[in-house]
Amino acid sequence: MSINQDKILILDFGSQVTQLIARRVREFNVYCEIHPYDVTNEFIKEFAPCGIILSGGPNSVYGVEKAEAPSAVFEMGVPVFGICYGMQTIASQLGGKVESSGEREFGYAEITSLSSQVFSGLKDGETTDGDYLQVWMSHGDKVTQLPDGFEIIAKTDSCPIAAMADVKRNIYAVQFHPEVTHTKQGTKILERFVLDVCNAKQSWTMPNYADEAVAKIKTQVGDDIVILALSGGVDSSVAGVLIHKAIGKQLKCIFVDTGLLRYNEADQVMKNYHENLQLDITKIDAKEEFYLALEGVSDPEAKRKIIGKLFVDIFQRESAKFTNAKWLAQGTIYPDVIESAGSKNKKAHNIKSHHNVGGLPEDMKLQLLEPLRELFKDEVRALGVSLGIAPKLIYRHPFPGPGLGVRILGEVKPEFVALLQKADNIFIEELYAHDLYQKVAQAFVVFLPVKTVGVMGDGRTYDYAVSLRAVETTDFMTANVANLPFEFITKVANRIINEVKGINRVTYDISGKPPATIEWE
């Protein structure tokens with residue numbers, strides 16, 4: 001990040017979608033950072049933001065665990081934008097009143113927007129009361145009395161103060177969530193605040209980030225040796241090339257064949273990294289170690305922690321072979337951090353842990369180097385393109401760190417892995433063959449450890465079932481099921497049943513995120 005670059009400070013009050021706010025801001029080519037709401041006034045002044053956004057959160061301003069924004073937020077004279085709880089704490093801290101709604105309002109709502117710089121000209125429809133916007137609400141409290149200097153800029157029947165503003169002080173606040181895709185004009189509302197109210201310069205680009213990241217890695221690492229945990233996915237590929245650009249031969253890559261990879265992936269990864277990316281890479285065959293460690297384990301969190309710990313153990317073991325090895329590099333990205341309720345904000349509610357951010361022992365001998373930690377998936381891809389990585393690698397679908405270990409429900413067994421690898425490979429082959437692979441954000445097969453009765457030819461079968469999963473998303477924080485042609489799905493199902501002996505039933509997962517997660521475990 002350039003010192004002179006305009007930047008937005010996002011204070012996180014514990015919302016599960018705070019990262020989406022950052023994602024939207026960066027879409028405008030404006031840099032931003034997320035920090036806990038309880039940072040010091042000195043930190044905020046030193047950060048010198050051109051605007052501040054207060055996120056939503058699970059607390060109540062009149063509750064025992066209420067959370068308040070630092071006083072500097074309102075004293076620095078920079079524009080402020082509050083979202084949901086952020087609006088409530090603005091109202092409470094500046095002399096307004098917040099009360100319980102009596103019942104929680106969650107989901108679709110229509111707000112009637114009044115004249116305002118952030119709403120002007122935006123509408124999804126019209127009523128006799130004026131233009132309205134379709135928004136997404138998620139709150140149990142609401143502002144019932146405005147602070148001095150504020151005016152109402154949006155309302156609903158159930159929420160008379162759905163948005164408010166103090167135009168003189170450039171403080172805006174909304175009760176709904178503009179950062180989620182369910183609020184149709186949400187991105188434009190945030191864009192109005194960031195570009196028009198804050199007058200932020202659009203200088204955040206991946207080529208610029210790459211140059212600054214390389215310089216930062218050089219300073220951070222010095223002459224030390226870095227061990228990179230290669231997984232074969234987009235994130236570790238980009239991390240590897242970025243770090244290699246910074247320190248060259250000081251980067252030692254270790255690729256672990258966990259036995260939980262995709263079909264023939266171990267061979268493909270070695271070819272791509274060694275021949276195409278020119279990285280110094282060592283392959284470790286650890287299939288039996290992982291199978292043994294996972295034997296009898298069915299709980300998904302336990303599996304993730306076991307896999308994560310074993311990864312670290314292997315890297316610590318291998319690092320002893322390299323002189324001055326002091327760093328473990330990982331392709332950790334923003335969605336990994338938020339779903340693990342990252343260490344920066346202990347108020348968030350945990351959903352699931354990721355091997356990149358969970359399972360690391362306190363006595364780990366290697367320091368962590370995570371150059372992609374502040375980037376979203378599409379930013380990682382854009383960075384990869386700027387680094388010259390082949391598009392087929394960059395635009396490959398995401399693959400979880402624990403691999404097929406979390407796509408096999410329950411206990412992981414070698415025979416389950418073999419069945420899943422073949423079924424998944426068929427699905428991916430057909431997506432490419434029908435020009436559908438790049439039209440979905442992520443697609444894979446899940447193995448279900450239950451047997452069902454079937455019939456093949458004149459004989460009865462009693463074999464396993466699998467589920468196809470394909471989603472459409474731009475940020476991986478929310479997702480919709482991909483509307484794949486029915487004829488395509490039936491063709492994939494027929495191929496799997498006919499070609500993979502041991503599977504006789506195929507289903508299609510039509511769940512969105514939320515309420516489901518993209519992965520099943």
Side-chain angles (χ1 to χ4, degrees), residues 1-12 15 17-35 44 47-56 73 76 78-84 86-87 113 116-124 133-136 153 163 165 170-174 176-213 333-335 338 372-386 441 473-478:
M1 180 190 66
S2 173
I3 295 176
N4 298 318
Q5 188 175 47
D6 281 355
K7 48 190 181 289
I8 300 292
L9 173 62
I10 301 169
L11 294 183
D12 184 13
S15 169
V17 292
T18 298
Q19 304 290 354
L20 283 183
I21 305 172
R23 181 66 200 90
R24 303 297 175 240
V25 172
R26 291 186 186 182
E27 286 176 356
F28 317 140
N29 296 118
V30 175
Y31 184 76
C32 62
E33 288 185 14
I34 296 174
H35 292 278
I44 295 176
F47 188 87
C50 64
I52 300 173
I53 298 177
L54 309 183
S55 82
V73 169
M76 290 185 63
V78 300
V80 178
F81 191 89
I83 296 173
C84 197
M87 170 173 167
S113 60
S116 162
Q117 187 173 4
V118 294
F119 293 143
S120 179
L122 301 180
K123 66 178 182 179
D124 294 316
L133 298 174
Q134 298 176 5
V135 303
W136 191 259
I153 59 173
N170 278 326
I171 301 176
Y172 295 82
V174 297
F176 57 89
H177 286 271
E179 69 272 32
V180 301
T181 55
H182 304 76
T183 299
K184 289 190 174 182
Q185 305 289 343
T187 297
K188 291 183 179 178
I189 292 170
L190 288 171
E191 184 178 26
R192 294 276 181 84
F193 174 73
V194 172
L195 300 185
D196 297 342
V197 179
C198 300
N199 292 313
K201 294 182 178 65
Q202 297 174 278
S203 55
W204 167 250
T205 65
M206 284 304 101
N208 289 342
Y209 177 82
D211 292 340
E212 292 170 3
I333 65 174
Y334 251 178
I338 187 60
L372 311 181
R373 186 180 178 87
E374 304 300 327
L375 300 183
F376 289 93
K377 179 64 71 173
D378 59 331
E379 290 179 319
V380 173
R381 288 194 168 106
L383 176 60
V385 170
S386 73
T473 180
T474 57
D475 48 44
F476 291 86
M477 299 298 294
T478 61

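Between the CG atom in L11 and the OG1 atom in T18 there is a gap of 10.0 Å [rounded to 0.5 Å]. A distance of 11.5 Å separates CG of L383 from CG of N208, quoted to the nearest 0.5 Å. Rounded to the nearest 0.5 Å, atoms CD (Q134) and CG (D124) are 4.5 Å apart. Rounding to the nearest 0.5 Å places CG of L190 at 7.0 Å from CD of E179. Between atom CG of residue D12 and atom CD of residue E33 there is a gap of 13.5 Å, rounded to the nearest 0.5 Å. Atom NZ of residue K123 and atom CD of residue Q185 lie 10.5 Å apart, to the nearest 0.5 angstrom.
Of all the heavy atoms in D6 and V30, the pair that sits closest is O-CG1, 4.3 Å. Listed here is the closest heavy atom pair of I52 and P49: CG1-CG, 3.8 Å. Residues S15 and H177 come closest through the heavy atom pair OG-CE1, 4.4 Å. Heavy-atom minimum distance, P178 versus F81: CG-CE2, 4.2 Å.
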(request) Apply the test side-chain contact (heavy atoms from CB on, under 4.5 Å) to residues V135 and V174: give CA-CA distance (whole Å), side-chain angles for both, the deciding distance (0.1 Å), then the verdict. (result) CA-CA 10 Å; V135 303; V174 297; over 6 Å; no
(request) Take F176 and I189 through the test side-chain contact (heavy atoms from CB on, under 4.5 Å) and record every step on the way to the result. (result) CA-CA 11 Å; F176 57 89; I189 292 170; 4.0 Å; yes
(request) Applying side-chain contact (heavy atoms from CB on, under 4.5 Å), run through V78 and L9 and close with a yes or a no. (result) CA-CA 11 Å; V78 300; L9 173 62; over 6 Å; no
(message) What verdict does the side-chain contact (heavy atoms from CB on, under 4.5 Å) test give for I153 and Y172, after you've listed the backbone C-alpha separation in whole Å, the side-chain angles of each residue and the deciding distance to 0.1 Å?
(response) CA-CA 9 Å; I153 59 173; Y172 295 82; 4.2 Å; yes
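Without hydrogens or angle criteria, K377 side chain to I333 main chain gives no donor-acceptor distance under 3.5 Å.
You'll find the side chain of C50 reaches within 4.5 Å of the side chain of I8, heavy atoms only. Counting heavy atoms from C-beta outward, F376 and Q19 have side chains that approach closer than 4.5 Å. Proximity of S386 to Y209: side-chain heavy atoms (C-beta onward) are nowhere separated by under 4.5 Å.
Salt-bridge annotation for K188 and E191: absent, with no side-chain N of the basic residue lying under 4.0 Å from a carboxylate O of the acidic one.
The side-chain hydrogen bond (donor to acceptor under 3.5 Å, both in side chains) check on D211 picks up nothing, with sequence neighbours excluded. In terms of the side-chain hydrogen bond (donor to acceptor under 3.5 Å, both in side chains) criterion, residue partners of E379 (sequence neighbours excluded) are, by chain and number, R26, W204.
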List the atom pairs, donor and acceptor, that lie under 3.5 Å between side-chain atoms in residues 192-202 and the rest of the protein, sequence neighbours left out.
{"residue": "R192", "atom": "NH1", "partner": "Q117", "partner atom": "O", "Å": "3.4"}
{"residue": "R192", "atom": "NH1", "partner": "S120", "partner atom": "O", "Å": "2.7"}
{"residue": "R192", "atom": "NH2", "partner": "S120", "partner atom": "O", "Å": "2.8"}
{"residue": "Q202", "atom": "NE2", "partner": "F28", "partner atom": "O", "Å": "2.9"}

